[in-house]
*Asks:* 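Pasting a structure here, questions to come.
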Amino acid sequence: MQKGYRGIDLFRLMAAVLVIAIHVSPLEGIWMDGDFVLTRILARIAVPFFFMASGFFFMEKYGKRDELVWNFLRKTGWIYFWVVLAYLPLNIYKGYFGAELTLPVLLKDLCFDGMFYHLWYLPASMAGMLIAWGLVRRFSFKGALLITGILYGIGLLGDSYYGLIYDMPLIRAFYDNLFLMSDYTRNGIFFAPLFLALGMRFHAVMNYGKTKKRYWNGVGLVLSLILMVAEGMVLHERNLQRHDSMYLFLPFAEYFLFGFLCTFDQRRIKNASRISLMVYLIHPMVIVGLRMTDKVLGIRLFSENPVVQFLGTIVLSFGMAWVLVEIVYLLLQRYGQKKEKTCTYRAWMELNLENLRHNVNEIKQILPEGCRFMAVIKAQAYGHGAVIVAEALNNIGVDAFAVATIEEAIELRRNAITGEILILNYTDAKRARELKRYNLIQTAVDYEHCKELNKAGIRMKVHLKIDTGMKRLGMDAGDVERIAEVFSMKNLDVCGMYTHLCVSDSLRGKDVEFTGRQEKTFYHLMEELKKKNVKIPQIHLQSSYGLLNYPDMRADYVRIGIAMYGTLSDKNDKIRSEINLLPVLALKSMVVHLISVNDGESVGYGCDYVADGDRRIAVVSIGYADGIPRSLSNQRGRVLVQGKYAPIVGRICMDQMMVDITGIEGIGVGCPVVVIGKMQEKEIKVTDFAENAETIANEILSRLGRRVIPVCR
Ligand SMILES: *Cc1c(COP(=O)(O)O)cnc(C)c1O
């Protein structure tokens with residue numbers, strides 16, 4: 001899937017130029033009004049744009065999001081640290097560290113105003129990200145935008161609109177106290193969070209499949225810029241501004257600007273984000289450098305002519321930024337990532353989200369035209385972690401999900417997952433309010449359930465389940481009268497209807513026949529309903545095997561579970577479609593203790609395993625409470641250590657198990673153990689593991705315990 005970030009990349013570079021303009025005032029002395037409009041109004045879109053891009057790409061990265069916030073803070077903190085260091089000589093030269101410098105002032109500058117006039121941006125990013133993400137997490141996007149919008153409003157009154165409250169003693173006292181802490185309201189509390197949250201939301205709602213409205217975003221952008229200029233001029237004229245970073249129309253301009261930029265579907269520009277950040281960080285130094293050059297050479301080339309100074313700063317800043325980025329990049333490659341990350345968890349699952357994306361794309365290849373991909377992420381996404389998986393899927397434009405229970409659905413909404421969420425199982429009609437509040441789609445599992453849901457008195461979306469032979473949930477397909485009646489129930493918005501195939505995984509003659517009958521029964525029902533003037537809603541019937549074996553069935557959705565996770569249920573299954581699926585999950589643990597066992601000694605509960613000859617045993621910190629079936633005890637299962645197979649010996653315990661490592665060299669405490677996955681050339685597939693435990697991959701995966709820690713790769 002191609003993503004159109006070229007516009008964003010390009011504007012990043014342009015925004016860096018605008019920031020230079022703010023700090024150089026290229027039209028000063030030439031055309032004062034023009035300079036005001038350019039540098040005090042128009043160029044003010046640059047920095048909020050950077051915040052929006054940060055929020056946007058924050059969502060783009062995969063992984064557990066709280067972890068990501070931490071990463072963001074650490075990275076930004078490091079940059080801040082180095083940049084403060086780099087500006088130290090300049091600060092000393094300016095006499096910043098003179099006698100008047102007190103600890104509170106130093107802290108205030110470090111936390112809010114930045115250690116140089118432009119560096120407020122970095123602490124503001126950090127504080128802003130914490131606030132924006134915390135709010136999105138807690139209140140989802142609408143709530144977060146509302147609250148950050150209010151914060152912005154408070155900030156406005158301390159910035160461009162300060163004149164309005166200047167004569168209100170109480171309010172002014174509030175602001176004047178605020179200014180003791182931070183020179184401006186343009187900071188990480190009142191300014192940055194709104195744009196970060198806006199960027200996050202932009203990413204969440206962007207559906208890459210749809211054509212975007214470049215024209216209307218362009219019109220919106222131009223209009224809001226005009227209004228913003230007018231606003232700025234009036235405020236300036238009336239002398240209301242204490243500072244000129246924040247305008248009422250600024251967030252609107254940013255919104256349309258971003259929408260406009262997102263319509264450019266081309267390749268990315270290499271290093272645009274790094275270079276624009278570097279330009280931002282170093283250009284004040286370049287400005288000082290140019291003035292010093294003038295002084296040293298005894299000329300007035302740059303200090304006399306702001307246009308020359310502006311152009312000189314641009315050329316030099318971009319040139320230096322480019323070189324510096326290349327150097328930093330080389331250094332990081334050389335020294336930064338040398339250490340291979342070893343995991344310190346007792347038991348963890350490595351999630352390869354790249355493979356997840358690959359699988360979705362593979363599956364989409366065989367989808368009929370117009371059929372939508374519904375990702376089945378019930379049971380914690382088959383053990384992988386529902387939120388992590390749903391986020392990764394949201395990010396590649398998947399906007400339909402299915403879960404088993406209402407609790408699972410609510411968890412997704414609370415974690416800002418967007419798109420349709422269908423609940424596959426029964427939900428008590430008493431919970432109609434929650435279904436509505438979280439915008440969920442409920443499966444109506446039979447006629448009684450329909451009646452109950454209708455009686456709840458809250459209009460809700462349902463998909464009607466039809467039984468075509470599985471005999472589990474659903475109204476009998478032959479019950480046309482009552483099915484038609486459901487469509488006329490006043491509170492039910494029946495937007496879908498589906499059935500489930502129960503032998504589509506088998507290619508044996510009688511099973512293929514059975515599936516054919518199910519399909520026919522389902523389509524026949526549709527014909528009957530049409531005769532009764534029922535408007536047919538969206539229909540679906542295939543799950544993974546249904547699609548893989550019967551890709552030509554007519555449907556509006558497919559409900560894909562196991563295949564998306566990169567495996568079949570059973571290793572002996574044959575399928576009709578050609579498809580290359582890659583496993584998403586690897587299950588790992590570590591050696592925590594080593595034991596020597598003599599000939600005839602036993603190991604573990606029940607003394608079930610008795611050593612024939614002297615044996616080396618390793619204790620591995622994963623057990624049946626983590627999802628390892630106890631039936632794999634005593635050599636019915638095996639793991640990989642140091643690239644070699646080691647059989648499980650003795651009975652598997654709740655939190656640990658013992659493996660026989662006799663003859664395998666180089667094993668010590670902390671040594672990683674692969675329970676499912678690859679190690680060097682060898683592999684234990686989840687289907688191998690399942691076969692030994694006499695079950696299917698679905699069961700093994702979905703039973704992985706909560707104690708197994710997800711790690712995204
Ligand atoms: C679990 C489930 C699916 C997904 O099945 P897979 O075989 O994992 O693709 C689809 N539909 C329903 C009704 C389910 O319960």
Side-chain angles (χ1 to χ4, degrees), residues 356 359-360 362-364 366-367 371-384 386 389-390 393 398 400-406 408-409 412 420-427 440-446 449 462-475 477 496-507 511 515 518-519 522 538-551 553 555-571 573-577 579 581 583-585 686-687 690 695-704:
L356 180 74
N359 295 338
V360 172
E362 282 282 306
I363 294 164
K364 282 190 172 175
I366 54 174
L367 277 191
C371 180
R372 279 172 74 190
F373 183 94
M374 183 190 288
V376 180
I377 52 173
K378 61 192 178 188
Q380 285 300 330
Y382 293 42
H384 294 62
V389 167
L393 293 172
V398 173
F401 299 95
V403 293
T405 71
I406 185 171
E408 290 177 341
L412 295 178
E420 295 171 359
I421 301 180
L422 171 65
I423 300 168
L424 296 169
N425 286 14
Y426 175 82
T427 301
L440 307 173
I441 306 171
Q442 175 58 43
T443 295
V445 306
D446 59 19
H449 196 210
V462 297
H463 280 204
L464 187 56
K465 184 85 181 265
I466 305 296
D467 183 15
T468 52
M470 181 171 185
K471 309 283 181 206
R472 195 172 62 178
L473 296 179
M475 295 176 75
M497 183 160 77
Y498 71 100
T499 189
H500 196 51
L501 306 174
C502 53
V503 278
S504 59
D505 56 334
S506 161
L507 295 178
D511 294 332
T515 304
Q518 280 195 288
E519 182 190 7
F522 191 52
Q538 306 269 288
I539 57 165
H540 43 114
L541 67 171
Q542 299 134 289
S543 54
S544 294
Y545 280 96
L547 177 70
L548 296 175
N549 286 330
Y550 305 93
M553 281 183 181
D556 298 305
Y557 293 96
V558 289
R559 307 183 300 268
I560 303 298
I562 194 71
M564 182 173 72
Y565 305 103
T567 175
L568 296 178
S569 298
D570 191 303
K571 71 190 272 194
D573 283 338
K574 298 273 174 295
I575 49 168
R576 285 198 185 129
S577 298
I579 191 164
L581 299 172
V584 176
L585 176 141
V686 60
T687 42
T695 180
I696 54 173
N698 312 40
E699 183 183 350
I700 297 294
L701 291 172
S702 64
R703 287 178 47 165
L704 290 179

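In this chain, numbering begins with 1 at the start of the sequence shown. All of these numbers come straight from a predicted model, not from anything done at the bench. Both ligands and their constituent atoms are indexed starting at 1 by order of listing.
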*Asks:* Quick check: does any side chain N or O of Asn359 sit under 3.5 Å from a backbone N or O of Leu581, one acting as donor and the other as acceptor?
*Replies:*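 It does not hold such a pair.
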*Asks:* Please check whether Leu424 reaches ligand 1 - meaning an N/O of the residue sits under 3.5 Å from an N/O of the ligand, judged on distance alone.
*Replies:*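 Checking ligand 1 against Leu424, no N or O pair falls under 3.5 Å apart.
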*Asks:* Within a reach of under 6.0 Å around CZ of Arg703, are more than 12 heavy atoms found that belong to other residues, nucleotides or ligands?
*Replies:*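 Atom CZ in Arg703 is not crowded, with 12 or fewer foreign heavy atoms closer than 6.0 Å.
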*Asks:* Could you check which of Ser504, Ala379, Ser543, Ser544 puts a non-hydrogen atom nearest to atom 9 (O) of ligand 1?
*Replies:*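 It is Ser544 that holds the nearest heavy atom.
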*Asks:* Closest non-hydrogen protein atom to atom 12 (C) of ligand 1, residue and atom name please, with distance?
*Replies:*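 Closest protein heavy atom to atom 12 (C) of ligand 1: His500 CE1, 3.5 Å.
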*Asks:* Who gets closest to atom 4 (C) of ligand 1 by heavy atom: Tyr498, Tyr545, Tyr382?
*Replies:*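 Nearest heavy atom to atom 4 (C) of ligand 1 lies in Tyr382.
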*Asks:* May I ask you to list the atoms of ligand 1 that are less than 4.0 angstrom from any heavy atom of Ile562?
*Replies:*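 The atoms of ligand 1 under 4.0 Å from a heavy atom of Ile562 are 6 (P), 7 (O), 8 (O), 9 (O).
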*Asks:* Identify, with sequence neighbours excluded, every residue that meets ring pair (Phe, Tyr, Trp, His ring centres under 6.0 Å) alongside Tyr498.
*Replies:*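 Tyr498 satisfies ring pair (Phe, Tyr, Trp, His ring centres under 6.0 Å) with His540 only.
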*Asks:* Ignoring hydrogens, just give me the one of Lys378, Met374, Arg559 whose non-hydrogen atom is nearest atom 11 (N) of ligand 1.
*Replies:*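 The nearest heavy atom belongs to Arg559.
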*Asks:* Main chain of Tyr557, side chain of Gln538: is a donor-acceptor contact present, judged purely on distance under 3.5 Å?
*Replies:*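 Flag not set: sc Gln538 to bb Tyr557 has no pair under 3.5 Å.
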*Asks:* Ignoring hydrogens and angles, tell me if any N or O in the side chain of Asn549 forms a donor-acceptor pair with the backbone of Arg576 under 3.5 Å.
*Replies:*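 At least one qualifying donor-acceptor pair exists.
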